[in-house]
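First the structure, in the form of structure tokens, and then the observations on it.
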There are 2 protein chains.
Amino acid sequence: MGITLKELAQSLGLSPTTVSRALNGYPEVNEDTRWRVMEAARKLNYRPNTRAKSLATGRAQAIGHVIPISDQHEIVNPVFADFIAGAGESYARAGYDMTISVVADDEEAQVYRDLVGRGSVDGLIVHAPRQMDPRIPLLRDLGIPFLVHGRSSGVNQPYSWLDINNRRGFARATEFLLDLGHRRIGFVNGIEVMDFAIRRRSGYLDALAGRGVRADPALMVSAEMTETNGYRAARRMLALPDPPTAFLVSSMLLAIGVRHALWDAGLHMGRDVSVITHDDDLSYLKNGDAVPLFTATRSSIREAGRQSADMLLDLVSNATEPPLTRLLEVDLIIGESTGPAPQRQKDSA
Amino acid sequence: MGITLKELAQSLGLSPTTVSRALNGYPEVNEDTRWRVMEAARKLNYRPNTRAKSLATGRAQAIGHVIPISDQHEIVNPVFADFIAGAGESYARAGYDMTISVVADDEEAQVYRDLVGRGSVDGLIVHAPRQMDPRIPLLRDLGIPFLVHGRSSGVNQPYSWLDINNRRGFARATEFLLDLGHRRIGFVNGIEVMDFAIRRRSGYLDALAGRGVRADPALMVSAEMTETNGYRAARRMLALPDPPTAFLVSSMLLAIGVRHALWDAGLHMGRDVSVITHDDDLSYLKNGDAVPLFTATRSSIREAGRQSADMLLDLVSNATEPPLTRLLEVDLIIGESTGPAPQRQKDSA
DNA sequence: ATCAAACCCCAAACCGTTTTGGATGATGGG
DNA sequence: CCCATCATCCAAAACGGTTTGGGGTTTGAT
């Protein structure tokens, strides 16, 4: 591996102390000496050993992400890649490492305890929070800075989080459809143990209630967000006696499935049936090209990753700081998948 | 944080030496004492400090993944999430941490040097290799165990890798289409600086040549693997005077775009036009349900992650071992997206 | 010339483990 | 009874940095 600090010091005829100070920008070292040291360090390709450094300083210089895999579904949430890419940018900028643990959700508590107890991270990001998520009190007890991506309704103690305004976004989207004359709006949501899905549903329900439209349980589906599930949900709803004229959907993949089902049914998206989806702005799943394909509530998950990381780093360096929270609004992007509700065909025809 | 070894030793009236040995299973400690120690450790929730441990042992107990983000496209390869989930399982089993660095591809060399120089990882996984990838000689020089996910043609020195048989898979898929009578086969590939894309192309070309079918440059596209690009490529080819009757596609997302284009053109997939895609078996992008939607060359990227990690861990613990290589064959799954070539419509009609 | 304050530098302790090189006492063969 | 062996344990030295607590030299004011 590389050269060590002691060796570097020796080669310069200096003490390790001075070399360390020179490199870390302490004032009590002659500028000429500092220059010599930095030159030598560069030339000899010196890099401080991370483990030694963090042992000495007590800071791990690393942030942990625990990504849960639910046993039943065995699904890896596709947004992780982009979120992590965003967070990674922030960490790199700050000189932090990112360590990731993939873990079945029944072992999660154990993993958190381990990470903290063994001191391998200075802070943690909590992914995919559920209602009254037990991880939040756990991490609070463990006394480590953490930030939740999303929120957990039912937790009354304060904690740090970054979330998007799912409720408002989905309420607006629903109202948009109502304004276009739609009354039967199919709702294809993620699994409703996830907090975000619960909030989206209440946005949908509130908007309907606000206009006095009765919510129909037959038009509401909650499932893992895959193309197949979107397809099946839409197919089933379209087969109802009084099928929906519009769909509100929780992810692009679901929406692609819905589109597929419309196609199978010989329906034209945007004319016969409208679709609004949430769009995480994933790098590999863009919503159309110059002109957006789907009308969508959009919020970049990558940007969320960046900002979450920045907030957490802030918490880590200012231990005394009170919890930070940030609520990002979502944009409503008008695409080609929505249009006025078609004239109601009287069944009595 | 947690309790320290010294404290644990003190509370037991033993020396740190003995406690360390007891916990690590060394023979020179009385079994009664060992039992006392382990009990106390459990009760006091002792966890050895990772950084101190690895400083003392010289092993980081961590594997690094460097995931490159290409400047121009800013795309995060969607397979990373699943690959990492698979690798994570292996690391967890072996007690290793996984550290991930997201980095623009022009800074990659620097990041590798850093990771190795600062001793923060014991081994590295190289993602998304290109032709004559400079990272391979670099890592060889740095003298750290590494494993390439994929291969890099043009590198003549031996190195460890795990790859799927892209060439054979795509050759077989092409032959399958030829057997069905297709002669105009559109090829929608990933960007052909990636080694896997190059191999797939040669599989396609070889199969065509083997049957004496002339490859038409107008039927070959190379682009980032997104739905939009699949859509555009297929749309363009379908507009040709002599359009393809089949498509061979490099990813599910591309294939979904192709399907979309077929739909727009009023063509029925599997009857009017056939489609074969490669399927990484991503957890969130399943190829249909019970019955596969697309005919596909399938290979689980998650399994690749598991096996890659296992191989790398093997290399890490046996430093002297010669390079390991593993070539996984891909399955050809027959779905509903392929069928016999339609009768040639004579233009002179 | 004197003395305090800057300025620069260093030796040594420390972070929490593992590991080396004994030390101690019990055991057992001759 | 003596001495080698074995079973158990421990003190101290690593690992590679940072940080504490000085200690010489200059500098500058008196």
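Here the closest non-hydrogen pair linking A/Ala62 and A/Ser120 is CB-O, 3.8 Å.
When the local axes at the two ends of the helix from C/dA1-D/dT30 to C/dG30-D/dC1 are compared, using 5 base pairs at each end, they differ in direction by 60° after rounding to 10°.
Distance NZ (B/Lys6) to P (C/dT17): 9 Å, rounded to an integer number of Å. D/dG17 atom C1' lies 21 Å from atom NZ of B/Lys53, rounded to whole Å. Protein atom CG of B/Leu5 is 19 Å distant from nucleotide atom P of D/dC15, rounded to whole Å. Rounded to whole angstrom, the span from the CD1 atom of A/Ile3 across to the P atom of D/dG16 amounts to 12 Å. We find that CD of A/Gln10 is positioned 14 Å from C1' of D/dG16, with the value rounded to whole Å. The interatomic distance linking A/Leu12 (CG) with C/dC10 (P) rounds to 10 Å, in whole Å. The interatomic distance linking A/Arg59 (CZ) with C/dC15 (P) rounds to 15 Å, in whole Å. Atom C1' of nucleotide D/dG16 and atom CG of A/Asn49 are separated by 6 Å, given to the nearest angstrom.
Dashed line: the shortest gap from a side-chain N or O of A/Tyr26 to OP1 or OP2 of C/dC10 is not under 4.0 Å. Residue B/Thr4 has no polar side-chain atom (N or O) positioned under 4.0 Å from OP1 or OP2 of C/dG16.
Between B/Glu39 and B/Arg42 there is a salt bridge, since a side-chain N of the basic residue sits under 4.0 Å from a carboxylate O of the acidic one. Salt-bridge formation is detected for the pair B/Asp105/B/Arg130: a Lys NZ or Arg NE/NH1/NH2 atom is positioned less than 4.0 Å from an Asp or Glu carboxylate oxygen. Contact check on A/Glu31 versus A/Arg34 returns a salt bridge, with a Lys/Arg side-chain nitrogen under 4.0 Å from an Asp/Glu carboxylate oxygen.
By the 4.5 Å heavy-atom criterion applied to side chains, B/Leu327 and B/Arg151 are counted as neighbours.
In this structure, CD on A/Gln157 lies 4.5 Å from CZ on A/Arg140, to the nearest 0.5 angstrom. Interatomic distance, A/Ile136 CD1 to A/Phe146 CZ, rounded to the nearest 0.5 Å: 6.0 Å. Rounding to the nearest 0.5 angstrom, the gap separating the OH atom in B/Tyr96 from the CZ atom in B/Arg59 is 7.0 Å. Between atom CG of residue B/Asn318 and atom CG of residue B/Leu313 there is a gap of 11.0 Å, rounded to the nearest 0.5 Å.
Heavy-atom distances under 4.0 Å link DNA chain C to no residue of residues 92-99 of chain A.
Side-chain contact annotation: A/Ser152 with A/Asp195, donor-acceptor N/O pair under 3.5 Å absent.
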Contact letters for nucleotides 8-14 of chain D, in which S counts primed atoms plus P, OP1 and OP2 and B counts the base, heavy atoms under 4.0 Å: BBBBB--
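Classified by interplanar angle (parallel below 30°, tilted 30° to 60°, perpendicular above 60°), the ring pair A/Phe83/A/His127 is perpendicular.
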